[in-house]
Number of protein chains: 2
Amino acid sequence: MNQPLRMTKQRAAVAEALQVSDEFRSAQQLHELLRDRGDAVGLATVYRTLQALADGGDVDVLRTDDGEALYRRCARTEHHHHLVCRSCGRAVEIDGPTVEAWAAEVGSTHGFADIEHTVELWGTCAACRASADRAS
Amino acid sequence: MNQPLRMTKQRAAVAEALQVSDEFRSAQQLHELLRDRGDAVGLATVYRTLQALADGGDVDVLRTDDGEALYRRCARTEHHHHLVCRSCGRAVEIDGPTVEAWAAEVGSTHGFADIEHTVELWGTCAACRASADRAS
DNA sequence: ACCAGAGTGAGAATCGTTATCATGACTCCT
DNA sequence: AGGAGTCATGATAACGATTCTCACTCTGGT
């Protein structure tokens, strides 16, 4: 068994920064956000904390097209997917009712085991579209 | 209009290395593979070529969990997904008949536009499972 | 209050990837 | 064949994200 994590100022700060928004944020964004807010936390610690939270299933992680990791504290712990705004990171949690079974079936059909699936939707949310229009 | 790319030894070599296998390979793996085979090609060129091929839709790109890009020359050019072996990179092209419509619908329901989706399945193929058993 | 050990942070180190830039190869024109 | 102009190459530097190192600090149990 792995002993529970100690609660420190920094971990609390990171956790809280995640509570606040429902948007996916990169480690660096969170680091900056904390700095600006006054709770300066070392970048390394932000990374460590996020990793720990992710391992514990407390935050969801996904990758942008260029490989950067984004983190978000989701309302539910159960398996789900996301519809993410590619410009602001705002996300909606969604289910893929049919996807789950489909994935497992396709996997075994081809003799693959331990199937996992990555299903994420990317789009531009209404708000970001509005501000893009305004700019043009 | 963008003029066609010049066909050079190195581009041919990279393209051919991709033809050979149906496995997803990283740029670095391909670079090594070419070196070993005798067709030494600069790493930068491998990256450039892969990027060009990807832009042209001639190779598919996906990202591992840790953000590394993997490339593969697929049989079809039309939109499709993959079932990839997480240990050897072997891949099977699959369709997600229902997924497409579902993605678009979910997107518009939440007011998102320009919906794209990422759907990839990861598993362990029969061959890799066999060699894993042998090792244990 | 004390102490063992987990946690922290500044900076170095890694790793994948992209940018630079001098050099080389290819095309087209004559 | 002889250039001029262009695109491609490759060694290397630069980059950005992430991880590692290590001396120092704090937490949590006593």
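A, B, ... follow the sequence lines: proteins, then strands. Residue 1 opens every chain.
- Here Gln10(A) reaches the OP1 or OP2 of dG9(C): one of its side-chain N or O atoms lies under 4.0 Å away.
- The nearest whole Å value for the distance from the CG atom in Asp66(B) to the P atom in dC20(D) is 12 Å.
- Protein atom CG of Asp65(A) is 12 Å distant from nucleotide atom P of dT18(C), rounded to whole Å.
- In this structure, the nucleotide among dT8(C), dT17(C), dT9(D) sitting nearest to the side chain of Glu68(B) is dT17(C).
- Distances from the side chain of Arg48(B) to the nucleotides dT20(C), dG7(C), dT27(D) place dT20(C) closest.
- Atom CG of Leu50(A) and atom C1' of dT8(C) are 15 Å apart (whole Å).
- Helix bend of the helix from dA1(C)-dT30(D) to dT30(C)-dA1(D): the angle between its two end axes, each built from five pairs, comes to 30° after rounding to 10°.
- Comparing dT9(D), dG7(C), dT17(C) against the side chain of Arg11(A) picks out dG7(C) as the nearest.
- Regarding contacts with the backbone of dT18(D), a side-chain N or O of Tyr47(A) is found under 4.0 angstrom from either OP1 or OP2.
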(message) Determine whether Tyr47(B) and His31(B) satisfy the following criterion, ring-ring contact (aromatic ring centres under 6.0 Å, His included), listing intermediate values before the conclusion.
(response) CA-CA 9 Å; Tyr47(B) 273 106; His31(B) 175 240; 8.7 Å; no

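- Counted by atom type alone, Ser131(B) and Arg134(B) present zero donor-acceptor pairs between their side chains at under 3.5 Å.
- The distance between atom CG of Leu34(A) and atom C1' of dG9(C), rounded to the nearest whole Å, is 14 Å.
- At a cut-off of 3.5 angstrom, counting only N and O atoms as typed in the model, there is no donor on one side facing an acceptor on the other between the side-chain of Arg6(A) and the base of dG29(D).
- Neither OP1 nor OP2 of dC26(D) sits under 4.0 Å from any side-chain N or O of Thr8(A).
- For Arg63(B), whose side chain is taken as the heavy atoms from C-beta onward, the closest listed nucleotide among dT9(D), dG7(C), dT17(C) is dT17(C).
- Judged by closest nucleotide on DNA chain D, Thr45(B) is the one of Leu70(A) and Thr45(B) placed further toward the 5' end.
- For the pair Leu43(B) CG and dA14(D) P, the computed distance is 17 Å after rounding to whole Å.
- In this structure, a donor-acceptor pair under 3.5 Å is present between the side chains of His81(A) and Glu100(A).
- Taking 4.0 angstrom as the limit, Lys9(B) places none of its side-chain polar atoms (N or O) nearer than this to OP1 or OP2 of dT9(D).
- Under 3.5 Å, the side chains of His79(B) and His117(B) contain a donor-acceptor pair of N or O atoms.
- Looking only at side-chain heavy atoms (C-beta outward), Leu62(B) and Glu68(B) stay at 4.5 Å or farther from each other.
- Nearer the 5' end of DNA chain C, as judged by each residue's closest nucleotide, is the contact made by Ala44(A), out of Ala44(A) and Gln51(B).
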